[in-house]
Amino acid sequence: MFIDARATDQKKIESDICIVGAGAAGITLALALSGKNLRIILLESGGFEPEPDTQALYTGANTGVPYYPLESTRLRYFGGTTGHWGGACWPLQAHEFERRDWVPHSGWPITREDLNPYYVKAQETCEVGPFNYDAEHWSEASDQPELPLGDSRLLTSIYQSSAPPTRFGSRYREDIDQAGDIRALLHANVTQIHRDPLSQTVQHVTTRTLEGKTLTVNSRLFVIATGGMENPRLLLLNDIGNQHDQVGRYFMEHIGIPKATLLLAKDVNTLFYKRTSINGTDIRAGLSLRPEVIKKEQILNTWIGFQLKATPQSRLAHSVDTLKSSIMNGDIPDDFVHHLKTVLRSMRQIYRDRDPAESDDDELGGTGELVEIPVGQQSEQSPNPLSRVTLGDQLDALGQRKIVFDWRLTELDYYSIRRTQEITAAEIGKSDLGRMKIPNPKEPEVWQHPQRISELAQPQGAFHHMGTTRMSTDPQHGVVDSDCKVHGTKNLYMAGSSVFPTCGYQNPTLTIVAMAHRLAEHLAAQFPEQEPT
Ligand SMILES: Cc1cc2nc3c(=O)[nH]c(=O)nc-3n(C[C@H](O)[C@H](O)[C@H](O)COP(=O)(O)OP(=O)(O)OC[C@H]3O[C@@H](n4cnc5c(N)ncnc54)[C@H](O)[C@@H]3O)c2cc1C
């Protein structure tokens with residue numbers, strides 16, 4: 001059931017579990033807890049559509065590595081930032097959970113094996129294919145070979161795409177509405193979290209609409225799921241969990257530094273490295289370093305993707321798949337006309353290409369000369385206590401202090417990208433497939449001086465906000481324990497990528513959703529007296 005906080009006369013609500021924030025994490029949690037005879041409250045700042053005044057609550061200041069305006073990197077309405085996410089899904093790798101001697105502050109208190117059952121559920125929630133990220137499997141299934149990398153230092157690594165990307169707000173709106181045990185309050189901004197220091201228990205939270213209407217929610221358990229920047233902001237605003245000055249520190253993003261290019265033989269397009277739909281699962285392949293190479297080199301993990309031009313066949317398959325899955329769900333996709341035109345154009349082109357006299361020379365897939373292909377990369381950032389979110393003096397429309405965001409990169413971050421490019425270039429050259437051009441003639445010097453590299457090749461973030469309420473069994477080194485409970489509290493939990501101690505190179509949402517399923521199980525187990533309905 002949905003309730004608009006602007007329109008209700010209720011002043012107080014009682015619940016068993018109160019979830020703050022209805023994005024990927026909050027919606028997953030609420031639905032996973034439904035049907036267990038619990039009273040669930042979902043508090044959401046926005047409505048069903050973006051609203052400028054609500055979105056403006058996300059503004060803040062940037063003082064570190066140049067970054068996007070903060071309000072453009074996340075969305076504040078029902079469904080959260082999945083309203084414009086790209087849908088790329090992949091799990092973290094087992095070795096990324098381990099402590100690495102050369103990465104300060106690395107190591108999760110849980111393992112990839114602990115998360116595996118929840119990744120299976122997350123695949124379903126994010127509407128991707130089976131929980132199988134074995135490149136060899138998908139390459140064989142697609143009949144498209146991998147690069148013949150042999151025993152080189154490189155691996156083919158793939159991700160799956162939620163296509164079209166699951167918009168949690170529209171996809172799960174009806175499920176929330178129909179669930180008799182979920183009450184979702186819209187336009188309900190949580191501003192205060194009332195924690196009793198003696199019992200270390202959160203007793204209630206206060207919500208406020210932009211018009212000034214307030215409401216109190218009492219609950220046995222509370223979960224904050226407001227995204228990687230707002231999660232620390234809410235804790236800092238309420239002075240909770242910060243007894244060791246850990247809240248807001250260790251902010252991590254995935255780093256892209258553009259400009260490398262690959263010169264490959266034209267027949268690369270018959271290989272596995274473009275976006276392909278295989279048995280209804282959208283796959284994209286790229287390269288990464290083998291775990292043992294990362295360890296030997298003492299660097300961070302990076303994914304290298306080739307920005308290949310789509311063929312008419314791949315465009316046709318993608319558009320047909322998109323139309324098919326939307327229509328089977330009873331929807332007309334937003335970009336219906338675009339996909340229809342793509343289907344018609346691609347079919348015409350495929351037909352025309354059967355006659356060599358009319359074939360299009362620009363397409364990859366011809367013979368002979370080398371083609372220049374831009375190379376994109378997405379790299380892991382190391383956890384760094386100086387890279388952080390704090391509170392400034394400026395106030396938002398609710399009278400709450402805005403964020404000051406200070407994104408900082410270390411020499412290990414820059415060196416790891418540089419070294420991965422060097423190794424990739426050497427291996428591509430050795431395999432005789434082509435050559436990789438990496439930027440900047442005076443690179444060795446440049447890469448040892450982080451300030452200079454950012455002048456030459458501006459690092460870009462990927463809109464992934466991680467690490468700011470990190471998980472650690474030791475309260476001196478983290479904000480939440482291995483169950484995502486805030487240290488120093490008995491009933492307050494955090495959900496989302498703010499709890500990641502390290503971030504790999506993989507886009508975070510599949511892991512956020514898997515961890516939300518795990519947390520739901522943990523929370524439900526605290527109500528043993530409740531029988532499922
Ligand atoms: C352009 C873009 C592309 C992306 N592409 C990908 C991708 O391909 N793959 C991937 O894995 N990730 C991608 N992401 C990141 C992805 O969108 C996020 O990881 C994901 O949405 C985070 O989920 P969340 O639930 O933690 O936070 P959000 O989805 O941001 O949800 C937070 C919710 O909390 C609400 N809220 C905030 N403050 C309050 C408050 N005080 N009171 C009540 N409610 C509040 C917000 O309104 C929002 O609904 C992308 C992001 C962007 C911007």
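Values reported hereafter were calculated over all heavy atoms of this structure, with side chains retained and with hydrogens, waters and symmetry mates removed. Remember, it's 1-based here, ligands and their atoms both numbered in the order they're listed.
When Thr81, Thr207, Ile193 are ranked by how near their heavy atoms come to atom 21 (O) of ligand 1, first place goes to Thr81. Among Phe168, Trp85, Phe78, the residue whose heavy atom sits closest to atom 4 (C) of ligand 1 is Trp85.
In this view, Thr502 and Arg100, Ser106, Trp108, Glu380, Pro383 satisfy the side chain to side chain contact (heavy atoms under 4.5 Å, CB included) rule, not counting sequence neighbours. Under the rule for a side chain to side chain contact (heavy atoms under 4.5 Å, CB included), the partners of Pro291 that lie at least two apart in sequence or sit in another chain are His95, Leu155.
Listed by number with element, the atoms of ligand 1 under 4.0 angstrom from any heavy atom of Thr82 are 21 (O). Every atom of ligand 1 with a heavy atom of Asn189 under 4.0 Å away is listed here by number and element: 42 (N). In the vicinity of Val20, heavy-atom distances shorter than 4.0 Å reach the ligand 1 atoms 42 (N), 43 (C). Ligand 1 places these atoms under 4.0 Å from at least one heavy atom of Ala24: 23 (O), 25 (O), 29 (O).
Put simply, no part of Ser497 is less than 4.0 Å from ligand 1, judged by heavy atoms. Ligand 1 has Tyr58 within reach: a non-hydrogen atom of the residue lies less than 4.0 Å from it. Contact between Arg74 and ligand 1 is absent, with no heavy atom of the residue lying under 4.0 Å from the ligand.
Of all the heavy atoms of Tyr77, the ones lying under 4.0 Å from any atom of ligand 1 belong exclusively to the backbone. With a 4.0 Å heavy-atom cut-off, ligand 1 is reached by the side chain of His464 but not by its N, CA, C or O. Contact annotation: for Ala188 versus ligand 1, heavy atoms closer than 4.0 Å belong to the backbone alone. By the criterion of a heavy-atom distance under 4.0 Å, both the backbone and the side chain of Pro508 are placed next to ligand 1. Contact annotation for Ile512 and ligand 1: only side-chain heavy atoms (C-beta onward) come within less than 4.0 Å of the ligand.
Looking at Thr207 and Asn189, their side chains never bring a donor and an acceptor atom within 3.5 Å of each other. Side-chain N/O atoms of Asp282 and Ser277 include no donor and acceptor closer than 3.5 Å. Between His187 and Ser45, the side chains place no donor N or O within less than 3.5 Å of an acceptor N or O (distance only, hydrogens not considered). Thr166 and Glu127 share a side-chain donor-acceptor pair at under 3.5 Å.
At the shortest separation from atom 51 (C) of ligand 1 among protein heavy atoms lies Phe463 CB, 3.6 Å. Among all protein heavy atoms, the one lying closest to atom 35 (C) of ligand 1 is Glu44 OE1, 3.3 Å. With hydrogens left out, the protein atom closest to atom 53 (C) of ligand 1 is His84 NE2, 3.2 Å, a heavy atom. In terms of protein heavy atoms, atom 36 (N) of ligand 1 is closest to Thr226 CG2, 3.8 Å.
For ligand 1, the polar-atom distance check finds no N/O of Leu234 at less than 3.5 Å from any of the ligand's N/O atoms. Considering both main-chain and side-chain atoms, Ser72 never comes within under 3.5 Å of ligand 1 through any nitrogen or oxygen pair. Residue Ala25 has at least one N or O atom closer than 3.5 Å to an N or O atom of ligand 1.
Test Asn231, Thr226, Thr468 against Ser498 for side chain to side chain donor-acceptor pair (under 3.5 Å) and you get one pass: Asn231.
Under a cutoff of 6.0 Å and an axis angle of 45°, Arg284 and Tyr273 do not form a cation-pi pair. Annotation: cation-pi geometry not satisfied between Arg388 and Tyr250 (NZ/CZ under 6.0 angstrom from ring centroid, within 45° of ring axis).
Below 30°, between 30° and 60°, or above 60°: for Phe131 and Tyr133 the angle between ring planes is above 60°, a perpendicular geometry. Using cut-offs of 30° and 60° on the angle between ring planes, the pair Phe251 and His465 is tilted.
Checked against a 6.0 Å centroid threshold, the rings of Tyr493 and Phe222 do not count as neighbours.
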